[in-house]
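Here is the structure we will look at, set down as structure tokens.
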Amino acid sequence: MKNYKRYLVTSALPYANGPIHIGHLAGVYIPSDIYTRYLRMKGLDVISICGSDEHGVPITLKARKEGVTPQEIVDRYHSINKKAFEDFGIAFDIYSRTSNKVHYETASDFFLTLYNKGEFTEKSSEQYFDEEAGCFLADRYIMGTCPHCGNENAYGDQCEKCGTSLSPNELINPHSTVSGSKPVLRETLHWYLPLDKYEPWLKKWILEDHKDWKVNVYGQCKSWLDQGLQPRAVSRDLDWGIPVPVDGAKGKVLYVWFDAPIGYISATKELTPDWEKYWKDKETKMVHFIGKDNIVFHCIIFPAMLKAEGSYILPENVPANEFLNLENDKISTSRNWAVWLHEYLEDFPGKQDVLRYSLCANAPETKDNDFTWKDFQARNNNELVAILGNFVNRTLVLTNNYYDGKVPGRGKTDSNDDSVLNEMARIKEYVETSLESFRFREALKEAMNLARLGNKYLTDAEPWKVIKTNPERVKTIMNIALQITANLTIVFEPFLPFSMEKLRGWINFNELKWSKAGNSDLLASGHIINKPGLLFDKIEDEEITRQTDKLIATKKSNEEAGAKTVPGKAVITFDDFTKIDIRTATILEAEKVPKTTKLLKLKIDTGLDTRTIVSGIAEYYAPEAIVGKQISIVANLEPREIKGIESKGMILMAEDKDGKLVMVTTSDKVSNGSTIK
RNA sequence: UGCGGGGUGGAGCAGUGGUAGCUCGUUGGGCUCAUAACCCAAAGGUCGGAGGUUCGAAUCCUUCCUCCGCUACCA
């Protein structure tokens, strides 16, 4: 393993439009915190960088919705999240923000360097422009009718009703959410980073030189590289963000994905005047902690930017985690399906380490995992209380009883003593190896094995019995139990900093050097320990029930919200209505469109003609079951090509609130082509 | 749909060719220093299904099913 002079650890910048939840913690911030705490304990030169990502369209939308400025939004969540991290002991050296002056300068300079080196290509394209407001509209600023489900409040990038992703020019009757006017297409110029140019280099750098990356990360990169990279726009027409620092770029800002990772650099600048040695010296090891949604930015785009700039180092590893679910359901901010950090601390004050422990022990390192309150309780009661807390308690109580809190001297050891002491040293190595390779779950389990070892040692040695026959021997036993306790404060420090601080206070021990772990003489004979308390408390069923009830209530209110029928549409004239040619028809043939999940190709008799219609009903109707059925169709809809088949018309379907489709038919059989009015 | 990542005892996971392992839970026993905590033992798996390669497969190949993420068809 190469030895580096210093470490630069970055954690994904949380987006400042909402609070932090357990998914963020488990995926990114707990691993990065454990890693940096460990490196610091080794006495290495390490800095941990994070901050709020404060640009981008969703923040401006949220601001508009609440009638405040974007700055107010980011100020709010920046301080909430900064505090949440502090409260949980996530020890960044700096928690900065991308609305800082130093970040504006850094990002502008970065852009200019690439610009002057001719690394960008320029291209103009047609985008929607709001003539009343006098600005270009980002996708999210355009609303209109969803061509799929008829929802009149679909956004330019996605319809939130049916989940379809859209592009603005697909919307029917698009209108600007800024002024309400109908936008027009207008030419606009943007700068692109030609990722394709870096493809050969990226292929070598990742696919050949970094085979050691986690399989999910490597696989995702390989997939992108195999498909071929496209130039990517680095600017947007928007007024919230960092202005593009060149002439003729009025009203244009850096695209948020370009500006955000540079935030790592500017935060470092803000932290130390020595920032360049962390970013530009090959002796620095840079590690990005992120979630799986961020892989492409940190493994492909940001490295390409750094490479294009030329003077920066590249990440040595990008240990991305998968996602955490909550009680079998995706965590979702908008559905309030989450455990928010600030709420957790209100319900479980002082129990940061319990959450840290259960999230790390169940971290989604190789696949999506599920957080359940029952598991949380079990981890606390059966592991933290029963194994770690109990061992510490047994040891300290016995020491106080027998020796009045004075560490007894160790006499001659027997073979069992020796093997326990050797095992202690070996556990340190295991924890270390696991941490170095970003296997935090495993590292934590190994650390817990030290407490298990201690429990077993006490039970085997039975000092409470031996004290009656051979008090000298008990001194040795208790000395060893106390050495194990002192060791626990070191190996658990990265994982459970709050509890270990408590424990160090009880045993008057403040040696936080990783190199001391495995040492069997941490507490000298005669060393005085204090009266202990309990390291962890049991969590009763009622507390867990309160949490699950809370979630059940959330689910219920979501269902009620979802059960609302689609809002009514605007009034139309009778003329409008008569334009629609609705008639009965019969399905003659039906077959599945190959390589699709939802599409059926139908041949139908409309009374006027026989025609083909492609319909997205395959999930609800089997082809053979619907041949011969009489249905209703819109006969005069503009033909459209779907998966290479021309579809002439649309079959009427009733869609209920969970998206189930049911055919609209007549109650009695009528002849094909009967009009419906 | 395409691509990526998963599917291993009740739960959560490890295990990339050589007798299937860990933590928790369960059952039985022991101990009493300890927050009914601790220690020992046992039960529990045809390693998603089906084919194949091999002396030998959870592990390699083919194919299918299924879950998650990104992506795509719903006129």
Side-chain angles (χ1 to χ4, degrees), chain A residues 146-150 162-165 170 172 214-224 226-227 291-293 295-296 320 322-323 325 330 358 361-370 372 374-375 378-379 381-387 389-402 439 441-442 444-446 448-449 451-452 454-465 467 474 477-478 481 532-538 593-600 613-619 633-634 637-645 647-651 653 655 659 661:
Chain A
C146 172
H148 160 49
C149 70
C162 63
T164 313
S165 39
E170 286 177 278
I172 302 160
K214 290 176 61 171
V215 281
N216 57 340
V217 177
Y218 187 89
Q220 180 101 167
C221 291
K222 186 167 188 312
S223 154
W224 273 76
D226 288 351
Q227 279 171 41
K292 69 172 162 186
D293 51 339
I295 290 174
V296 63
E322 303 283 299
F323 285 163
N325 293 331
K330 259 183 262 189
S358 60
N362 191 30
E365 288 182 2
T366 52
K367 62 167 191 187
D368 291 359
N369 274 352
D370 197 26
T372 63
K374 205 165 156 266
D375 179 71
R379 298 243 179 232
N381 293 355
N382 303 332
E383 298 179 27
L384 288 177
V385 172
I387 297 169
N390 187 43
F391 169 70
V392 168
N393 193 238
R394 299 169 83 180
T395 304
L396 300 190
V397 166
L398 287 174
T399 305
N400 275 303
N401 287 351
Y402 297 160
R439 294 195 302 264
R441 241 177 11 199
E442 191 176 297
L444 180 58
K445 201 169 81 185
E446 287 300 340
M448 198 47 108
N449 278 341
R452 289 193 181 94
N455 275 318
K456 184 164 161 46
Y457 177 68
L458 280 184
T459 303
D460 290 346
E462 300 183 304
W464 49 89
K465 268 189 189 167
I467 191 81
V474 173
I477 298 170
M478 290 317 299
L534 291 178
L535 210 45
F536 301 100
D537 302 306
K538 285 202 82 160
V593 180
K595 299 193 171 184
T596 66
T597 30
K598 298 185 180 176
L599 299 184
L600 287 186
I613 291 182
V614 175
S615 184
I617 57 174
E619 288 177 311
I633 62 161
V634 178
L637 199 62
E638 187 182 17
R640 175 147 175 163
E641 192 172 294
I642 299 165
K643 281 280 162 187
I645 303 162
S647 176
K648 297 170 81 175
M650 170 174 158
I651 297 179
M653 288 278 162
E655 181 181 12
L661 299 175

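A donor-acceptor pair is defined here as one N or O able to donate and one able to accept, closer than 3.5 Å; such a pair exists between the side chain of A:N362 and the backbone of A:D370. A:E365 contributes a side-chain N or O that, together with a main-chain N or O of A:R441, makes up a donor-acceptor pair within less than 3.5 Å. Under the 3.5 Å distance criterion, the side-chain polar atoms of A:N325 are left unmatched by any main-chain donor or acceptor of A:D368. In terms of modelled atom types and a separation under 3.5 Å, the side chain of A:K214 and the main chain of A:A320 share a donor-acceptor contact.
Within the structure, a side-chain polar atom (N or O) of A:R441 is placed less than 4.0 Å from OP1 or OP2 of B:A14. OP1 or OP2 of B:C24 lies within a sub-4.0 Å distance of a side-chain N or O belonging to A:R452. Here A:T366 reaches the OP1 or OP2 of B:A14: one of its side-chain N or O atoms lies under 4.0 Å away.
With the nearest nucleotide of RNA chain B identified for both A:S615 and A:D537, A:D537 has the one nearer the 5' end. When each of A:K445 and A:A386 is assigned the nucleotide of RNA chain B with its nearest heavy atom, A:K445 is the one assigned upstream, toward the 5' end.
Nucleic acid contact class of A:I387 (heavy atoms, under 4.0 Å, all strands): sugar-phosphate only. Within 4.0 Å of A:K374, counting heavy atoms only, lies no atom of the nucleic acid at all. Counting any heavy atom pair closer than 4.0 Å across all strands shown, A:T372 reaches no nucleic acid atom. Residue contacts for A:V397: at a heavy-atom cut-off of 4.0 Å it reaches the sugar-phosphate backbone alone, with no base atom in range. Backbone-only engagement by A:K465 is indicated by non-hydrogen atom pairs under 4.0 Å involving sugar-phosphate atoms exclusively. As judged by a 4.0 angstrom heavy-atom cut-off over every strand, A:F536 is placed among the base-contacting residues. Contacts of A:R439 with the nucleic acid, taken as non-hydrogen atoms under 4.0 Å apart, are absent. A:K538 comes within 4.0 angstrom of a nucleotide base, judged by non-hydrogen atoms across all strands. A:V215 comes within 4.0 angstrom of sugar-phosphate atoms only, judged by non-hydrogen atoms across all strands, and of no base. Counting any heavy atom pair closer than 4.0 Å across all strands shown, A:E383 reaches sugar-phosphate atoms only and no base atom. Contacts of A:N390 with the nucleic acid, taken as non-hydrogen atoms under 4.0 Å apart, include base atoms. Among the atoms of the strands shown, none is found under 4.0 Å from any heavy atom of A:T395.
Across B:A58 and B:C68, the matching P atoms stand 28 Å from one another, rounded to whole Å. A distance of about 28 Å separates the P atoms of B:A42 and B:G49, rounded to the whole Å. Nucleotides B:C67 and B:U35 place their P atoms 48 Å apart, quoted to the nearest Å. With both ends at atom P, the span from B:U59 to B:G51 equals 14 Å, rounded to whole Å. Annotation: B:C24 and B:G4 have their P atoms spaced 37 Å apart (nearest Å). B:U8 and B:A14 have their C1' atoms separated by 10 Å, given to the nearest Å. Atom C1' of B:G25 sits at a distance of 39 Å from the matching atom of B:U62, rounded to the whole Å. One C1' atom belongs to B:G21, the other to B:C3, and the distance between them is 33 Å to the nearest Å.
For the pair A:K367 and A:E322, the salt-bridge criterion is not met [side-chain N within less than 4.0 Å of a carboxylate O].
For A:N455, the listed nucleotide lying nearest its side chain is B:C39; candidates were B:C31, B:U23, B:C39. When the nucleotides B:G6, B:C38, B:G5 are ranked by their closest atom to the side chain of A:E322, B:G5 comes out on top. Comparing atom distances between the A:N362 side chain and each of B:G12, B:A34, B:A14 picks out B:G12 as nearest. Out of B:C39, B:C33, B:U23, the shortest distance to the side chain of A:R394 is found at B:C33.
Summarising the geometry, the separation between CG on A:D460 and C1' on B:C38 is reported as 11 Å, rounded to the nearest angstrom. A straight line from CD of A:Q220 to P of B:C68 spans 17 Å, rounded to a whole angstrom. Atom pair A:I613:CD1 and B:C73:C1' shows a separation of 16 Å (rounding to whole Å applied). Between A:N381 atom CG and B:U23 atom C1' there is a gap of 16 Å when expressed in whole angstrom units. Atom P of nucleotide B:G69 and atom NZ of A:K292 are separated by 7 Å, given to the nearest angstrom. Going from atom CG of A:L398 over to atom C1' of B:C31 covers 14 Å, rounded to whole Å. Atoms CG (A:D370) and P (B:G6) sit 19 Å apart, rounded to a whole Å. Atom CG of A:N382 is separated from atom P of B:A37 by 8 Å (rounded to the nearest Å).
Here B:G4 sits opposite B:C68 as a Watson-Crick or G-U wobble pair (both hydrogen-bonding atom distances under 3.5 Å). Across all strands shown, B:A41 pairs with B:U27; the Watson-Crick or G-U wobble distances both stay below 3.5 Å. Here B:U63 sits opposite B:G49 as a Watson-Crick or G-U wobble pair (both hydrogen-bonding atom distances under 3.5 Å).
In this structure, NZ in A:K648 is found 10.0 Å from CD1 in A:I613, a value given to the nearest 0.5 Å.
Residues A:N390 and A:R394 have side chains in contact (heavy-atom distance under 4.5 Å, counting atoms from C-beta outward).
Donor-acceptor pairing under 3.5 Å is lacking for the side chains of A:R452 and A:N455.
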